[in-house]
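Quick note on labels: first sequence line is chain A, next is B, and so on, each numbered from 1. Here the structure is a predicted model, which means the values were calculated and not measured.
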Amino acid sequence: MSTSAETLALPARRLPGDLAMWFFILAELTVFAILILTFAVMQRLDPRLFAESRAALDSSIGLALTLSLLTSGLLAALAVEAVRRQRQGRAALLLLAGLGSACLYVVLKLEEYGHLAGLGLDIEHNTFFTLYWILTGFHFLHVLLGMVILAWLAERCRRRAYDAGQHGGLESGVLYWHMVDLVWVVLFPLVYVLN
Amino acid sequence: MSASKLLIGCWLGLAALSTLTVLLGGSGSGLLLGAAILAAALGKAWLITEGFMELRHAPRLWRLLLLGWPLLLAGGVLALLPQLA
C-alpha cells in the first residue's frame with residue numbers, strides 16, 4: 001500500500017493523460033483561436049455595434065457561468081487526486097458533483113439563450129450576435145460532450161476501473177474538461193466584458 | 001502543500017480573477033483597462049494549464065504550447081482593440 005506522500009509525488013517531466021488527447025486538445029484550441037480572432041477582427045471593424053450589442057449581455061450571468069465551469073473543473077481535478085489515493089468512491093462523488101456544477105452552467109446558458117432569442121437578438125440580428133451564437137454555441141456543444149465524459153468517468157470510478165497506478169483514461173477525460181474551462185476563460189472577457 | 005490544497009488555491013485564484021474581470025469591465029473602457037482584463041484572462045489560463053492540467057510536471061514544449069495559446073490570443077485581441085485604431 002502506498003502512502004499519501006508517495007501517491008502525491010508525480011514523476012518529473014510527466015505529461016498527464018494520453019498523448020493523443022493532447023493533440024486533440026491542440027486541434028480544438030486552434031479552431032477556437034480562429035473563431036476568437038475572427039470576433040476580435042470584426043469588433044475592430046465595427047466597434048460601436050459591438051459595444052452596443054454587448055450591453056444586452058449581463059456580465060454577472062457571465063461571471064456565474066464562469067464560476068460554475070471553474071468549480072466543475074476543480075471537482076474533476078480533485079477526483080483525479082482521489083483516485084491517486086485509491087479513493088475511487090470519493091472520486092465518483094466528486095465527478096458527480098462536478099457534473100452538477102456543469103448542469104448549473106447549462107441551465108444558466110439556456111436561460112440566457114432564451115432571453116436573447118425572446119428579445120429578437122438571434123443569430124441573424126447583427127454581426128455581433130452572429131459571432132456570439134456561433135462562438136458560445138460551439139463552446140456549449142463542447143460542454144455537453146464534456147458532461148457525457150464526466151458521467152462516464154464517474155461510472156468507471158464507481159466500478160473501480162481506475163487505480164493509483166492506472167488511471168490514464170481518467171486523466172485524459174478530465175483534461176478535455178479543463179480544455180473547455182481554458183477556452184471559456186479567454187472567451188468570457190472578449191464576449192461579455194471588453195469594451 | 002498537498003495536491004488538493006494546491007488545486008483549491010488555484011480555484012480561489014481563478015474565482016478572484018474572474019470577479020476582478022467583471023469589476024474592471026464595469027468601471028469603464030480604455031486601452032489600459034482592456035489590457036488589465038486580458039492580463040487577468042492570461043493569469044486564469046496559466047492557473048488552469050499549470051494547476052488543473054498539471055502541466056507544471058510536463059515537458060517544456062507542452063507547457064510552452066499550452067501557455068502560448070492564451071498568450072497569442074490575448075496579444076491578438078489587444079492589438080485588435082478599437083482603441084488602437
Check step by step if side-chain contact (heavy atoms from CB on, under 4.5 Å) holds for B:Ile48 and A:Trp184.
CA-CA 11 Å; B:Ile48 290 173; A:Trp184 181 260; over 6 Å; no

So which part of [X] gets closer than 4.5 Å to some heavy atom of chain B, the side chain, the backbone, both or neither?
| X | value |
| --- | --- |
| A:Val174 | neither |
| A:Thr66 | side chain |
| A:Phe188 | side chain |
| A:Leu45 | neither |
| A:Leu70 | both |
| A:Trp22 | both |

Please find the pair of heavy atoms, one from [X] and one from [Y], that lie closest to each other, and give the distance.
| X | Y | value |
| --- | --- | --- |
| A:Leu182 | B:Ala45 | CD1-CB, 3.6 Å |
| A:Ala40 | B:Val77 | CB-CG2, 4.1 Å |
| A:Leu19 | B:Trp62 | CD1-CZ2, 3.6 Å |
| B:Leu81 | A:Arg44 | O-NH1, 3.5 Å |
| A:Gly73 | B:Phe52 | C-CE2, 3.8 Å |
| A:Ser59 | B:Val22 | OG-CG1, 3.7 Å |

Looking at [options], which has the largest count of heavy-atom pairs under 4.5 Å with chain B?
| options | answer |
| --- | --- |
| A:Thr30, A:Val80, A:Leu37, A:Ile25 | A:Leu37 |
| A:Val185, A:Ile36, A:Leu26, A:Val183 | A:Val185 |
| A:Ala51, A:Ser60, A:Pro16, A:Pro189 | A:Pro16 |
| A:Asp46, A:Thr71, A:Val41, A:Leu67 | A:Thr71 |

Largest heavy-atom contact set with chain A, pairs under 4.5 Å, which of [options]:
| options | answer |
| --- | --- |
| B:Leu33, B:Leu66, B:Leu17, B:Leu24 | B:Leu66 |
| B:Pro70, B:Gly25, B:Gly76, B:Ala58 | B:Ala58 |
| B:Gly26, B:Ser18, B:Cys10, B:Gly51 | B:Ser18 |
| B:Ile8, B:Leu73, B:Ile37, B:Thr21 | B:Leu73 |

Is [X] linked to [Y] within one hydrophobic cluster, defined over Ile, Leu, Val, Met, Phe, Trp and Tyr using a side-chain heavy-atom separation of less than 4.5 Å?
| X | Y | value |
| --- | --- | --- |
| B:Leu71 | A:Met179 | no |
| A:Val191 | A:Ile34 | no |
| A:Tyr105 | A:Val107 | no |
| A:Val193 | B:Leu23 | no |
| A:Leu96 | A:Val148 | no |

Does atom CG of B:Leu32 have more than 12 heavy-atom neighbours, drawn from other residues, nucleotides or ligands, at distances under 6.0 Å?
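Open: at most 12 neighbouring heavy atoms sit under 6.0 Å from CG of B:Leu32.
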
With side-chain contact (heavy atoms from CB on, under 4.5 Å) as the criterion, how do A:Gln43 and B:Leu80 come out once you've worked through the C-alpha distance, each side chain's angles and the decisive distance to 0.1 Å?
CA-CA 8 Å; A:Gln43 176 173 251; B:Leu80 287 165; over 6 Å; no

Donor-acceptor contact below 3.5 Å, side chain B:Trp69 vs main chain A:Leu29:
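Here the side-chain-to-backbone pair exists.
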
Proximal component of B:Thr19, with respect to chain A [non-hydrogen, under 4.5 Å]
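Both parts, backbone and side chain.
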
Heavy-atom proximity to chain A below 4.5 Å, by part of B:Arg63:
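Just its side chain gets close to chain A.
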
Straight-line distance of [X] [atom1] to [Y] [atom2], nearest 0.5 Å:
| X | Y | atom1 | atom2 | result |
| --- | --- | --- | --- | --- |
| A:Leu69 | B:Leu14 | CG | CG | 11.5 Å |
| A:Arg85 | B:Ser2 | CZ | OG | 6.0 Å |
| B:Leu47 | A:Asp181 | CG | CG | 11.5 Å |
| A:Arg14 | B:Leu55 | CZ | CG | 11.0 Å |

Dump the intermediate steps for side-chain contact (heavy atoms from CB on, under 4.5 Å) on B:Leu38 and A:Val186, then the final yes or no.
CA-CA 8 Å; B:Leu38 288 170; A:Val186 176; over 6 Å; no

Any salt bridge linking B:Glu54 with A:Arg13? Criterion: basic side-chain nitrogen under 4.0 Å from a carboxylate oxygen.
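Salt bridge: no.
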
